[in-house]
Amino acid sequence: MRLNRGLSCLLFLGVLAFSGCSDDKWEGLKVFDGTFFEIGSDGEQLRIPIRSSSEWVVTGNWGKWCEIRQESGEKVDTLVLDVGVNIARQERGMSLELSNREETLEIELRQAAATEEYEYVLPVIFHVLYRVPEDDVPVGYLSSCLERVNELYRDGPVDMNLKFVLATHDPNGQLLEEPGVRREFREGLPMDMFDFVGNKFGDCAWIWDPKEYINVVIFDSKSILSGCAHFPYLPECVVLPGVLFSDWYADHLPDAHVHCVAWNRSHMFSRYELLGVIFDYDVFTLAHEMGHYLGLLHPFVDGKGILGIIVMTRRIIV
């Protein structure tokens with residue numbers, strides 16, 4: 001019996017010792033899917049499982065082409081990398097450091113170069129402002145105009161590699177009842193286009209994010225001009241004659257002007273002939289102003305005058 005009791009005590013102590021070993025807390029930092037990642041030029045989202053015994057952080061130099069965030073889990077966290085499209089003809093990459101109190105790991109990402117010309121897809125939202133129902137624009141008319149504009153940009157001597165599309169969702173993610181079109185009753189029409197673009201009426205407050213949409217605002221104006229557009233902003237390190245530059249707009253939305261194309265409804269729905277050529281005034285006005293919005297100057301800056309606006313519109317958009 002004494003022997004049995006002794007063996008029982010030894011067995012009990014052994015169980016305690018084993019249990020004590022199993023309760024030792026793991027310390028460290030582990031990346032489950034490896035530390036080197038290669039992705040294609042089209043971009044994708046990488047979700048990398050991370051196990052860490054303490055709070056961990058990510059450091060490194062990454063450009064705006066990759067957005068990084070951490071997601072906490074009950075047992076395993078996730079490092080999320082949203083990698084954008086690479087439109088350049090050379091590959092790009094970056095290195096990240098993951099670290100906690102115990103150790104530091106390095107993650108390397110490489111993205112393939114583009115193999116063909118990239119087509120820019122630019123969502124357009126038409127804001128139709130009207131005072132009486134007769135001032136409204138018929139359903140389907142604006143989508144037809146946009147299709148014609150795409151033809152002009154595509155079929156010229158140089159393919160612009162861009163396509164205007166009707167926006168499908170509003171800034172809150174809600175599906176638009178009429179793709180690309182928003183209609184709103186507005187007092188005080190007609191109004192001056194330049195006063196509108198200059199934010200005299202406070203329209204910066206509702207204009208949709210110009211980083212996500214091209215805003216085209218349609219309303220009646222007494223101006224002899226059929227439209228106007230605000231030029232884009234470039235980073236201060238890039239110089240393009242005639243185009244504004246400011247790094248401020250990389251992180252801020254315009255608040256001193258309405259960044260949009262303003263389209264005078266009073267000159268829509270008309271056609272005319274000039275030098276034997278039939279022009280749809282609305283289509284060519286929209287194509288012309290879209291060119292300005294994308295940074296193109298008039299081709300008649302050498303003094304050819306107003307006639308150049310009409311006759312040379314095709315050169316503006318190609």
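The first residue of the sequence shown is numbered 1, and numbering continues consecutively from there.
Residue Cys145 comes nearest to Leu286 through the heavy atom pair CB-CD2, 4.4 Å, listed as atom of the first residue, atom of the second, then distance. Taking each heavy atom of Asn86 and Ala113 in turn, the nearest pair found is ND2-CA, 3.7 Å. When all heavy atoms are compared, the tightest approach of Ser226 to Thr285 is OG-OG1, 3.2 Å. Across His292 and Pro232, no two heavy atoms sit closer than the pair O-CD, 3.6 Å. Across every non-hydrogen atom of Ser52 and Asn100, the tightest pair is OG-ND2, 2.9 Å. Residues Val197 and Cys228 come closest through the heavy atom pair CG2-SG, 3.8 Å.
Residues in residues 156-198 take part in these ring-ring contact (aromatic ring centres under 6.0 Å, His included) pairs, two or more places apart or across chains: Tyr153-Phe164, Phe196-Phe219. Applying the ring-ring contact (aromatic ring centres under 6.0 Å, His included) rule to pairs touching residues 107-139 yields Tyr118-Tyr120, His127-Trp206, His127-Trp208, sequence neighbours excluded.
Residue Tyr293 forms a side-chain contact (heavy atoms from CB on, under 4.5 Å) with just one option from Val216, Val261, Leu122, and that option is Val261.
Rounding to the nearest 0.5 Å gives a distance of 12.5 Å between CD of Glu147 and CG of Leu152. With rounding to the nearest 0.5 angstrom, the NE2 atom of His259 is 10.5 Å from the NZ atom of Lys211. Here CD of Glu178 is found 4.0 Å from CZ of Arg183. Values are rounded to the nearest 0.5 Å. Separating the SG atom in Cys260 from the CD1 atom in Ile218 is a distance of 11.0 Å, to the nearest 0.5 Å. For the atom pair CD (Glu116) and CD1 (Ile87), the distance works out to 12.5 Å, reported to the nearest 0.5 Å. Here the CG-OG distance, from Asn264 to Ser221, works out to 4.5 Å after rounding to the nearest 0.5 Å.
Asn215 has its side chain out of reach of Val258: every pair of non-hydrogen atoms, C-beta onward, lies at least 4.5 Å apart. Between Lys163 and Glu119 there is a side-chain heavy-atom pair separated by less than 4.5 Å. Between Phe201 and Asp195 there is a side-chain heavy-atom pair separated by less than 4.5 Å. At least one side-chain heavy atom of His230 sits under 4.5 Å from a side-chain heavy atom of His257. Considering only heavy atoms from C-beta on, Val57 comes within 4.5 Å of Ser99 through its side chain. The side-chain heavy atoms of Glu27 and Glu103, taken from C-beta on, include no pair separated by under 4.5 Å. Annotation: side chain of Arg182 is not in contact with side chain of Leu176 (no heavy-atom distance under 4.5 Å). In this structure, the side chains of Val85 and Ser41 stay at 4.5 Å or more apart for every pair of heavy atoms.
Using modelled atom types, one finds a donor on one side chain and an acceptor on the other under 3.5 Å when comparing Asp82 with Gln45. Between the side chains of Asn172 and Gln174, no donor-acceptor pair of N or O atoms lies under 3.5 Å. Side chain to side chain, Thr35 and Glu108 fail the donor-acceptor criterion of an N or O pair below 3.5 Å.
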*Yes or no on side chain to side chain donor-acceptor pair (under 3.5 Å) for Ser54 and Glu102, after CA distance, side-chain angles and deciding distance?*
CA-CA 8 Å; Ser54 58; Glu102 290 74 32; 3.0 Å; yes
*asked:* Evaluate Glu117 against Arg89 for side chain to side chain contact (heavy atoms under 4.5 Å, CB included), listing each step before the verdict.
replied: CA-CA 9 Å; Glu117 289 292 337; Arg89 292 303 180 95; 3.8 Å; yes
*In sequence, state the C-alpha distance, the side-chain angles, and the governing distance for Val139 and Val181, and then conclude on side chain to side chain contact (heavy atoms under 4.5 Å, CB included).*
CA-CA 9 Å; Val139 174; Val181 182; over 6 Å; no
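No chain of hydrophobic side-chain contacts below 4.5 Å, direct or via other Ile, Leu, Val, Met, Phe, Trp or Tyr residues, connects Tyr213 to Ile207. Residues Ile214 and Leu162 fall within the same hydrophobic cluster, defined by Ile, Leu, Val, Met, Phe, Trp and Tyr side chains chained together at heavy-atom separations under 4.5 Å. Transitive grouping of hydrophobic side chains (ILVMFWY, heavy atoms separated by less than 4.5 Å) keeps Ile125 and Val137 in distinct clusters.
Remark: Asn61 CG is loosely packed, at most 12 non-hydrogen atoms of other residues, nucleotides or ligands lying under 6.0 Å away. Counted within 6.0 Å of CD1 on Ile224, heavy atoms from surrounding residues, nucleotides or ligands total 12 or fewer; the atom is thus considered open.
Apart from Leu29 itself, the hydrophobic cluster it occupies contains Val31, Phe37, Ile39, Leu46, Ile48, Ile50, Trp56, Val58, Trp62, Trp65, Ile68, Leu79, Leu81, Val83, Met94, Leu96, Leu98, Leu105, Ile107, Leu109, where clustering links Ile, Leu, Val, Met, Phe, Trp and Tyr at side-chain heavy-atom distances under 4.5 Å.
In this structure, Arg186 pairs ionically with Asp203, as a charged nitrogen and a carboxylate oxygen lie closer than 4.0 Å. A salt bridge links Arg47 to Glu71: at least one charged side-chain nitrogen sits closer than 4.0 Å to a carboxylate oxygen.
A donor-acceptor pair under 3.5 Å is formed between the side chain of Asp77 and the backbone N or O of Gly73.
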